[in-house]
Amino acid sequence: MKRAIALIDANNFYATCERVFDPALWNRPVVVLSNNDGCVVARSAEARKLGIRMAEPYFKVKDLIETHKVAVRSSNYELYGDMSSRIMDVLEEFSPELEVYSIDEAFITIDADDRSNLTEFGKTVRDTVKRHTGITVSVGIAETKTLAKVANHLAKKSEKARFVLDLTESPHQEIALERTPVGEVWGIGRQHAAMLKSYGVNTALDLRNCDDQWIRRKMHITGLRTVHELRGIQCVELGASPNPKRSVIVSRSFGEPVSTLDELRAAISYYITRAGEKLRKRRLVAAALTVFAKTSRFNVDDHDRYSGIATESLVMATDSTLELMQSAQRILPGLYRPGYRYKSAGVILTGLSSMTGTSLRLWDSDKYERERLLMSAIDGLNARHGQDTVRCGLHDNEGKWASRLGLRSPRYTTKWDEIMRVR
DNA sequence: TCTGGGGTCCTAGGACCC
DNA sequence: TCTGGGGTCCTAGGACCC
């Protein structure tokens, strides 16, 4: 049986989520901002046309936004996450093999014996997702993930083809590759794109025709895989779903810069709390913890720039917020340097493995068992009464470091008191 | 004044071992 | 003064992704 891969990717996902719950936004351009209201991370088609670019700092486009009455929202990840899982539920019905690649896209494998039907299949997928969730998706179909990405990219630009493109037939494939700038290929970032262009490799087709040895030398094994994928040779397997996570990261940039160790302690406490919740939700334990704090990367003067990082291996892998917090507070002073204005910080948990009970603890097992009961009680209370109703630690939950989230829409689907009202 | 967050994979280089 | 070879494991940092 011949198989093909389809990439399904939501169009302007965050902006469309906002519109689904606030139909007045359909008549206006919409942008969604990142945490701390820092950058534009999603734009409706109209906002895109105004020249607002992806990842552009908000303050740089504020005037443009006001002039054109663009609707602005802070990120509402609870809402987007919930909409995302609804889309994935629909996709799962179309294929047993589903890889959720990001919040707004997924790969599925499909039976490609009857090639004439692939475009129709794509349209059915798109229509069904639209009907069940209100979200429009694009569908790109090809022999490998990288080619499916190319197909999806072109499908997005073609409302006429109703956002579906099948590239399994080779003449279409050549034309598509020729129209795709090399920097738009999945896996080719800014550095590699610039390098390739300096050698006259400008399109995806040029890249496909490059010499293997040369690619290996210039872009290592990952670059070579990309080139093979463009030739239709599958190198990037469909990930098992859900693929196990290798790290948990919680980091934020601060509302305002902070300078004292105490303020950093409070921020790190908050991040550890979030990280512990993530660990327990995924039923994982961590064997090592990293803490970092940095000044703004936009500081011009070298003397104003600093980035401190420290890692500690934990004697026993843990998911206890208390243990993680003790470790983090222990190593934080080692990376702190007075005299800097810190603009962001975070924690990284690594050495993850699944929770298999506590019987392997050689010592402190009673204490750990008590902490586990405590954690699950706290998680339960917070789930019912709201985040941080009960929390661990000595530190204040607010401060200059807290992020700004001034323009967030209600969490319509996950919070009872923010549910939509129909008058 | 104001510039996101959460991930993955790969490589180089150091520590350490026999 | 001369100064192996092969291997593993760990970490830091780069490049990339959405």
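Proteins come first, then strands; the chains are lettered A, B, ... in the order of their sequence lines, and each starts at number 1.
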Ring stacking, A/Phe298 with base of B/dT3, under 5.5 Å and under 30°? yes
N/O (side chain, A/Lys62) to phosphate O (OP1/OP2, B/dC2) under 4.0 Å: no
What is the nucleic acid contact for A/Glu56, judged by heavy atoms within less than 4.0 Å: base, sugar-phosphate only, or nothing? nothing
Can you name the one residue among A/Met195, A/Gln191, A/Arg225 that meets side-chain contact (heavy atoms from CB on, under 4.5 Å) with A/Met219? A/Met195
Heavy-atom closest pair (A/Val139 atom, A/Ala155 atom, distance to 0.1 Å) is O-CB, 3.8 Å
Tell me: CG of A/Asp104 to P of B/dG5, nearest whole Å? 19 Å
Ring of A/Phe163, cation from A/Lys156 - is the NZ or CZ under 6.0 Å from the centre and inside 45° of the axis? no
In whole angstrom, what separates A/Lys400's NZ from B/dT1's C1'? 14 Å
Under 3.5 Å, which protein N or O atoms sit close to an N or O of nucleotides 11-17 of chain B? Give each pair with its distance.
unit_1: B/dT11; atom_1: OP1; unit_2: A/Arg216; atom_2: NH2; d: 3.4

For A/Ile110 and A/Ala6, work out which heavy atoms get closest and say how close. CD1-CB, 4.2 Å
Protein-nucleotide distance (A/Asn76, atom CG; B/dG5, atom P), rounded to Å: 16 Å
What is the separation between atom OH on A/Tyr77 and atom C1' on B/dG7, rounded to the nearest whole Å? 13 Å
Given the side-chain rings of A/Trp401 and A/Tyr270, with only the six-membered ring counted for Trp, is the space between their centroids under 6.0 Å? yes
Decide if atom CZ of A/Arg246 counts as having more than 12 heavy atoms of other residues, nucleotides or ligands within a radius under 6.0 Å. no
Quick one: is the NZ or CZ of A/Arg19 closer than 6.0 Å to the six-membered ring centre of A/Phe21, and within 45° of its axis? no
A/Arg225 vs A/Lys278, nearer the 5' end of DNA chain B by closest nucleotide: A/Lys278
Would A/His228 and A/Asp212 count as having a side-chain donor-acceptor pair, cut-off 3.5 Å? yes
CD1 (A/Ile272) and CD (A/Gln326) are apart, to the nearest 0.5 Å, by 11.0 Å
Could you give the distance separating C/dC17 and B/dG4 at their C1' atoms, to the nearest angstrom? 15 Å
Taking atom P of B/dC9 as reference, at what distance in whole Å does atom CD of A/Glu237 sit? 14 Å
Distance, nearest 0.5 Å, that separates CD of A/Gln173 from CZ of A/Arg208: 6.5 Å
Starting at atom CD of A/Glu99, determine the distance to atom C1' of B/dT8, rounded to an integer number of angstrom. 12 Å
Please classify the nucleic acid contact of A/Val347 as base, sugar-phosphate, or nothing, using heavy-atom distances under 4.0 Å. nothing
For C/dC18, does either OP1 or OP2 sit under 4.0 Å from a side-chain N or O belonging to A/Lys149? yes
Base, sugar-phosphate alone, or nothing: which one does A/Arg282 contact when heavy atoms must sit under 4.0 Å apart? sugar-phosphate
Taking C-beta and beyond as the side chain, do A/Phe13 and A/Ile103 meet within less than 4.5 Å on heavy atoms? yes
Defining pairs by Watson-Crick or G-U wobble geometry with both distances under 3.5 Å, how would you list the stems of DNA chain B with at least three pairs each? B:5-18 with C:5-18
Whole angstroms only, please: what is the OH-P distance between A/Tyr58 and B/dG5? 17 Å
Taking only side-chain nitrogens and oxygens of A/Arg274, does any of them come within less than 4.0 Å of OP1 or OP2 of B/dG6? no
In terms of relative ring orientation, are A/Trp214 and A/Tyr199 parallel, tilted or perpendicular, with 30° and 60° separating the classes? perpendicular
Closest heavy-atom pair, A/Val30 versus A/Ala47, reported as atoms and distance to 0.1 Å, is O-CB, 3.6 Å
Reckon A/Ile309 touches a base, only the sugar-phosphate, or nothing at all at heavy-atom distances under 4.0 Å? nothing
Can you list, in residue-number order, the parts of residues 245-266 of chain A that come under 4.0 Å of DNA chain B, counting heavy atoms only? A/Lys245, A/Arg246, A/Ser247, A/Val248, A/Ile249, A/Val250, A/Ser251, A/Arg252, A/Ser253
Roughly, in whole Å, what's the span from CG in A/Asn35 to P in B/dG5? 5 Å
